A.B. asks: 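Mind having a look at this structure? Questions to follow.
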Amino acid sequence: MTHEKVALAFSGGLDTTVCVPLLEEEYGYDEVIGVTVDVGQPSEEFDEAHETTEALGLDHYVVDAREEFAALCLDAVRANATYQGYPLGTALARPVIAKAILSVAEEHDCTGIAHGCTGKGNDQLRFEAVWRDSDLEVVAPVRELGLTREWEQEYAAERDLPVEGGDGGAYSIDTNLWSRSVEGSELEEPGYVPGEDIYAWTSAPTGETEEIEIEFEEGYPVGLNGESVDAVELIETLNDVAGSYGVGRTDVMEDRMLGLKVRENYEHPAATTLLNAHEALESLVLTQEERMFKTRIDQEWAEKGYQGLVDVPLVRALEGFIDETQERVTGTVTVRLEGGQARPVGRTSPYAVYSAEAASFNTADVIGGIEQKDATGVAKYHGFQERLSNEVAEAANAGQPLADGGPDDE
Ligand code: ARG
């Protein structure tokens, strides 16, 4: 008789806890192992996951994926990535978590791999996009058995499952290095105005301000106030510092992949600070056309990021363009933290596409022998087609189609 083992993505919350007996009883597994992946959650979450697995008698594995996740967050900075105002913390963490769990499952000869996601959200899709690339049976008890939160609560009580801790609160919260998201309960009412109690990373803005300096190399933030910092440390520090000025709160009606709209509240002080600083530096070093075109590349990147599909041909192609542009995104940005904002107030770079002399009001020359009066011809042409179109329309409406000639300027 074979011993069938399943690896469960384990958070210690209600959904994943009720999955344990269900995987044995409803799906016939002989053993469940719990895997928790560290993408920067608060330490209490690991304690709780550990206590729960102990109480349930499961083997529990914790994988530290903070560095890998932080590196992906910085790739997102290079792509100025947000989806409907949300910097993608949960979304980007999912493929990292999924890969880590898959490795543990394979290492321990599991035949199945399971998550506790519902059939309504994005995470089921993000996890399974990674897992379905393996031979393991993918199991999603909450979705497949059509479980509701109420049913889970009753079941947990009946079975005396250890679920006190994390699900005691009214909200559903997902935290990692890049963002903290809060949903559920009265927040499900789009008109409900949340109080300060939903926030944990950001303080209500005060009148205080602080300026910080962020150094970038090829689009990656690598230094803070003159000191080099690694990605994890930089993100953690900025969450603290910028969070204390109330930076990085968003309240959005988010369109999920399946089409449902959901009200989400997020906190992401480091993400907002780094994204704003990065864009400020790009505005200095990229050409006008590069900037405009890159917004389209960035949007595609963000959409794939939202879908949890970061390791796909399109993203690799987009990153080819991003890499090419980021070669010059090196320099320093001064950011003022004040009143819930992280506002770039200064930027310098050896690659600045900027000539103070050329743009100045105090010199007649532009640059390279171009004089102000050379713009006269350009000014005459500017808007030509639009003027012509208006005239043609006017004439046609009056029943007198315009003969050859074009708009009379004078
Ligand atoms: N809606 C977001 C996303 O799909 C985040 C969901 C986070 N989950 C939570 N329980 N708050 O990326």
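First listed ligand is number 1; within each ligand, the first listed atom is number 1. Since we're looking at a predicted model, the values are computed, not measured. Side-chain atoms are counted along with the backbone in the values below, which use heavy atoms only and exclude waters and symmetry mates.
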A.B. asks: Would you give the length of the straight line joining atom CG of Leu136 to atom CZ of Arg132, rounded to the nearest 0.5 angstrom?
C.D. replies: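 One gets 11.0 Å once the value is rounded to the nearest 0.5 Å.
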A.B. asks: Please list, one pair per line, the donor and acceptor atoms closer than 3.5 Å that link side chains of residues 331-342 to other protein atoms, with sequence neighbours excluded.
C.D. replies:
residue : atom : partner : partner atom : Å
Arg336  : NE   : Glu211  : OE2          : 2.9
Arg336  : NH2  : Glu211  : OE2          : 2.8
Glu338  : OE2  : Arg343  : NH2          : 2.9

A.B. asks: For residues 86-105, which residue pairs pass the side-chain hydrogen bond (donor to acceptor under 3.5 Å, both in side chains) check, not counting sequence neighbours?
C.D. replies: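 Listed once each, the pairs are Glu68-Lys99, Thr90-Asp174, Arg94-Asp123, Arg94-Asp174.
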A.B. asks: Do Phe321 and Phe293 make the cut of ring centroids closer than 6.0 angstrom?
C.D. replies: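 Yes, the ring of Phe321 comes within the 6.0 Å limit of the ring of Phe293, centre to centre.
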A.B. asks: Mind listing the N or O contacts between ligand 1 and protein, cut-off under 3.5 Å?
C.D. replies:
residue  : atom   : partner : partner atom : Å
ligand 1 : 1 (N)  : Glu254  : OE2          : 2.8
ligand 1 : 1 (N)  : Glu264  : OE2          : 2.7
ligand 1 : 1 (N)  : Tyr266  : OH           : 3.2
ligand 1 : 4 (O)  : Asn122  : ND2          : 2.7
ligand 1 : 4 (O)  : Arg126  : NH1          : 3.2
ligand 1 : 4 (O)  : Arg126  : NH2          : 3.1
ligand 1 : 10 (N) : Ser172  : OG           : 2.5
ligand 1 : 11 (N) : Ser172  : O            : 3.2
ligand 1 : 11 (N) : Ser181  : OG           : 2.6
ligand 1 : 12 (O) : Tyr86   : OH           : 2.6
ligand 1 : 12 (O) : Arg126  : NH1          : 3.1
ligand 1 : 12 (O) : Arg126  : NH2          : 3.0

A.B. asks: Considering only NZ, NE, NH1 and NH2 on the basic side and carboxylate oxygens on the acidic side, decide whether Arg159 and Glu154 come within less than 4.0 Å.
C.D. replies: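 Glu154 and Arg159: not salt-bridged.
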A.B. asks: List in chain and number order the residues that pass side chain to side chain donor-acceptor pair (under 3.5 Å) with Asp38, two or more places apart in sequence or in another chain; answer none if no residue qualifies.
C.D. replies: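 Checked Asp38 against side chain to side chain donor-acceptor pair (under 3.5 Å); zero matches.
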